[in-house]
Q: 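One structure, pasted below without further comment.
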Amino acid sequence: MVELDSVISYCHERLSIDSITDFENAQNGLQLENNGTVTKIAASVDAGLIPLQQASQVNADFLLCHHGLFWSPITPIRDHNYKKIKMAIDHNIAVFSAHLPLDCHPEIGNNALLAKALELEVVDTFLEYKGTNYSFICQSNGCTRSMLTERLKALFPNTFSSILYGSETPERIAILTGSGQSAVPYLKANNIDTLITGELKQHHFNMAQEMGLNLYPCGHYATETFGVKALAEELANHFKIEWTFLEQDCLI
């Protein structure tokens, strides 16, 4: 058992949460408190009703998530919104969310860990939101398009997708987990023709053809499981408590 305040302080310092301006609905940090202690950590991409139910079933009293309670408007608090809040309060579950801070972190962030899993070397960042760059640029280090395709298929067997109209031997590869829509228009300006991301729109198929791009939309959910897992494991090791990841069958 550890103090909730100690866990929160660790997260804020590790992720530099107070120095990163995020989208308004992110509301990074502690979103819902519990009785003030933590005995088990659950990690989930989303703070949804099902993950909260799962957290209660495994006796977790701290839910670490990427998309918090307010990612979608929670007011008015009725129907499913009421059930979600009531589930957390009834089962003494604190909810902590980290969005951009857990995307852009150079060690335990989604982008960094995906690059590591693909054996790509991070050399730069781009795409700025209010002072924070949130997309990574990697050097291919000899990784051809066919090699990258096989690595991604192995990593995301259920959500892998590709739109291949770029180089067969890309040199600079962009990684933007989650939604990659904001990156596509700026790839060529940064000498990038290959993007690994979570999701795109239909018109990006045409953009890939017209601009000569390799686009890999491999699942918004699937590409954003890395950060919460890494931070939850780090917290558990630091405070000597249990942790678990709450898997969802999300293919989007």
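On a predicted model such as this, the values are computed, not experimentally measured, just so you know.
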Q: Could you state whether F70 and I17 fall into the same hydrophobic cluster, counting links through intermediate Ile, Leu, Val, Met, Phe, Trp or Tyr residues with side-chain heavy atoms under 4.5 angstrom apart?
A: no

Q: To the nearest 0.5 Å, what is the distance between CD (Q31) and CD1 (I74)?
A: 8.5 Å

Q: Has N190 got a side-chain atom pairing as donor or acceptor with Y186's backbone, closer than 3.5 angstrom?
A: yes

Q: Got a sec: does the CD of E242 have more than 12 other heavy atoms crowding it under 6.0 Å?
A: no

Q: Step by step, work out the salt bridge (Lys or Arg N to Asp or Glu O under 4.0 Å) result for E224 and K229.
A: CA-CA 9 Å; E224 294 195 321; K229 287 181 179 178; over 6 Å; no

Q: Give the intermediate values and the outcome of side-chain hydrogen bond (donor to acceptor under 3.5 Å, both in side chains) for residues E199 and Y221.
A: CA-CA 9 Å; E199 64 172 308; Y221 171 88; over 6 Å; no

Q: Measuring from atom CD1 of I20 to atom NE2 of H105, what distance do you get when rounded to the nearest 0.5 angstrom?
A: 8.0 Å

Q: Within the structure provided, determine whether I137 and V122 are in side-chain contact (heavy-atom separation under 4.5 Å).
A: no

Q: What pairs of residues pass the ring pair (Phe, Tyr, Trp, His ring centres under 6.0 Å) test when at least one of them lies in residues 122-150, not counting sequence neighbours?
A: F23-Y129

Q: Of L231, N111, L113, which meets side-chain contact (heavy atoms from CB on, under 4.5 Å) against F226?
A: L113

Q: Group every Ile, Leu, Val, Met, Phe, Trp and Tyr by side-chain heavy-atom contacts under 4.5 Å, then state whether L49 and F245 land in the same group.
A: no

Q: Is there a donor-acceptor pair closer than 3.5 Å between any side-chain N or O of N214 and the backbone N or O of S167?
A: yes

Q: Begin from the C-alpha positions of L69 and L32 and carry the test side chain to side chain contact (heavy atoms under 4.5 Å, CB included) through to its verdict.
A: CA-CA 9 Å; L69 292 168; L32 187 66; 4.1 Å; yes

Q: Tell me if a side-chain donor or acceptor on R151 pairs with a main-chain N or O of L118 at a distance below 3.5 Å.
A: yes

Q: Is T159 reaching over with its side chain to a backbone N or O of C218, donor-acceptor style, under 3.5 angstrom?
A: yes

Q: Between S97 and Q27, does the side chain to side chain contact (heavy atoms under 4.5 Å, CB included) criterion hold? Intermediate values first, please.
A: CA-CA 7 Å; S97 179; Q27 295 289 327; over 6 Å; no

Q: Any side-chain heavy atom of F62 sitting closer than 4.5 Å to one from W243?
A: no

Q: Supply the atom-to-atom distance L100 CG to N133 CG, rounded to the nearest 0.5 angstrom.
A: 10.5 Å

Q: Nearest 0.5 angstrom please: L127 CG to C104 SG, how far?
A: 12.0 Å

Q: Between the main-chain N or O of K40 and the side-chain N or O of N59, is there a donor-acceptor pair closer than 3.5 Å?
A: no

Q: Side chains of C65 and F96, heavy atoms from C-beta outward: is any pair under 4.5 Å?
A: no

Q: Measure from the side-chain N and O atoms of K240 to the backbone N and O of N237, and report whether any donor-acceptor pair falls under 3.5 Å.
A: yes

Q: I'd like to know if the side chain of S162 reaches the main chain of L164, judged simply by a donor and an acceptor atom lying under 3.5 Å from each other, with no hydrogens or angles considered.
A: no

Q: Locate the shortest heavy-atom distance separating P101 from A98; write the atom from each residue and the value.
A: CD-C, 4.5 Å

Q: Is there a path of hydrophobic side-chain contacts, each under 4.5 Å between heavy atoms of I, L, V, M, F, W or Y residues, that connects I93 with V38?
A: no

Q: Any donor and acceptor pair, going by atom type alone, linking the side chain of S44 with main-chain N or O of D46 inside 3.5 Å?
A: yes

Q: Verify the cluster assignment for L102 and L114: are they in a single hydrophobic cluster under the rule of side-chain heavy atoms below 4.5 Å apart?
A: no

Q: Given V95, which partner from the list L30, L64, L52 fulfils the side-chain contact (heavy atoms from CB on, under 4.5 Å) test?
A: L52

Q: So among L213, I175, L187, which one has a side-chain contact (heavy atoms from CB on, under 4.5 Å) with L195?
A: L187

Q: Closest approach of G212 and D193, non-hydrogen atoms and distance?
A: O-CB, 3.8 Å

Q: Examine the side chains of N28 and D22 and answer whether a donor and an acceptor come within less than 3.5 Å of each other.
A: yes

Q: I108 vs R14, test: side chain to side chain contact (heavy atoms under 4.5 Å, CB included). Steps then yes/no.
A: CA-CA 9 Å; I108 58 171; R14 184 70 167 111; 3.8 Å; yes

Q: Does E128 use its side chain to pair, donor to acceptor, with the backbone of K130 at less than 3.5 Å?
A: yes

Q: Kindly indicate whether the side chain of S161, heavy atoms from C-beta on, has any atom under 4.5 Å from the side chain of Y216.
A: no

Q: Check each of T177, D103, T225 against H66 using the side chain to side chain donor-acceptor pair (under 3.5 Å) test, and report the only one that passes.
A: D103

Q: Fit a plane to each ring of Y10 and F239, take the angle between them on a 0 to 90° scale, and name the class: parallel (under 30°), tilted (30 to 60°) or perpendicular (over 60°).
A: perpendicular

Q: Rounded to the nearest 0.5 Å, what's the gap from CG on L148 to SG on C143? Could you check?
A: 4.5 Å

Q: Which heavy atom in N81 sits nearest to a heavy atom in P76, and how many Å separate them?
A: ND2-O, 3.4 Å

Q: Does a side chain donor of either T37 or N35 reach within less than 3.5 Å of an acceptor in the other side chain?
A: yes

Q: Quick one: do the Q248 and Q54 side chains pair a donor with an acceptor below 3.5 Å?
A: yes

Q: Would a 4.5 Å heavy-atom cut-off, applied to side chains only, mark H220 and H67 as touching?
A: yes

Q: Test side chain to side chain contact (heavy atoms under 4.5 Å, CB included) on V45 and L246; report intermediate values, then the result.
A: CA-CA 8 Å; V45 174; L246 307 175; over 6 Å; no

Q: For residues 189-208, which residue pairs pass the ring pair (Phe, Tyr, Trp, His ring centres under 6.0 Å) check, not counting sequence neighbours?
A: Y165-F205

Q: With a sphere of 6.0 Å drawn around CD of E33, does it hold more than 12 non-hydrogen atoms of other residues, nucleotides or ligands?
A: no

Q: Strictly distance-based, threshold 3.5 Å: is any side-chain N or O of T144 a donor or acceptor partner for the main-chain N or O of M147?
A: yes

Q: Could you grab the distance from atom CG of L176 to atom OG1 of T223, nearest 0.5 Å is fine?
A: 8.5 Å

Q: Taking the side chain as everything from C-beta on, heavy atoms only, tell me whether D61 gets closer than 4.5 Å to I41.
A: no

Q: Going by heavy atoms in the side chains, are T21 and T132 under 4.5 Å from each other?
A: no

Q: Please name the pair of heavy atoms, one in S19 and one in S16, separated by the smallest distance, quoted to 0.1 Å.
A: OG-O, 2.9 Å

Q: Would you mind reporting whether I241 and T39 have side-chain heavy atoms less than 4.5 Å apart?
A: no

Q: Hey, is NZ on K188 packed in by over 12 heavy atoms from elsewhere, all under 6.0 Å?
A: yes

Q: Let me check something: do V228 and L235 share a hydrophobic cluster, defined by ILVMFWY side-chain heavy atoms less than 4.5 Å apart, either directly or through other members?
A: yes

Q: Charged N to carboxylate O under 4.0 angstrom, E121 versus K116?
A: no

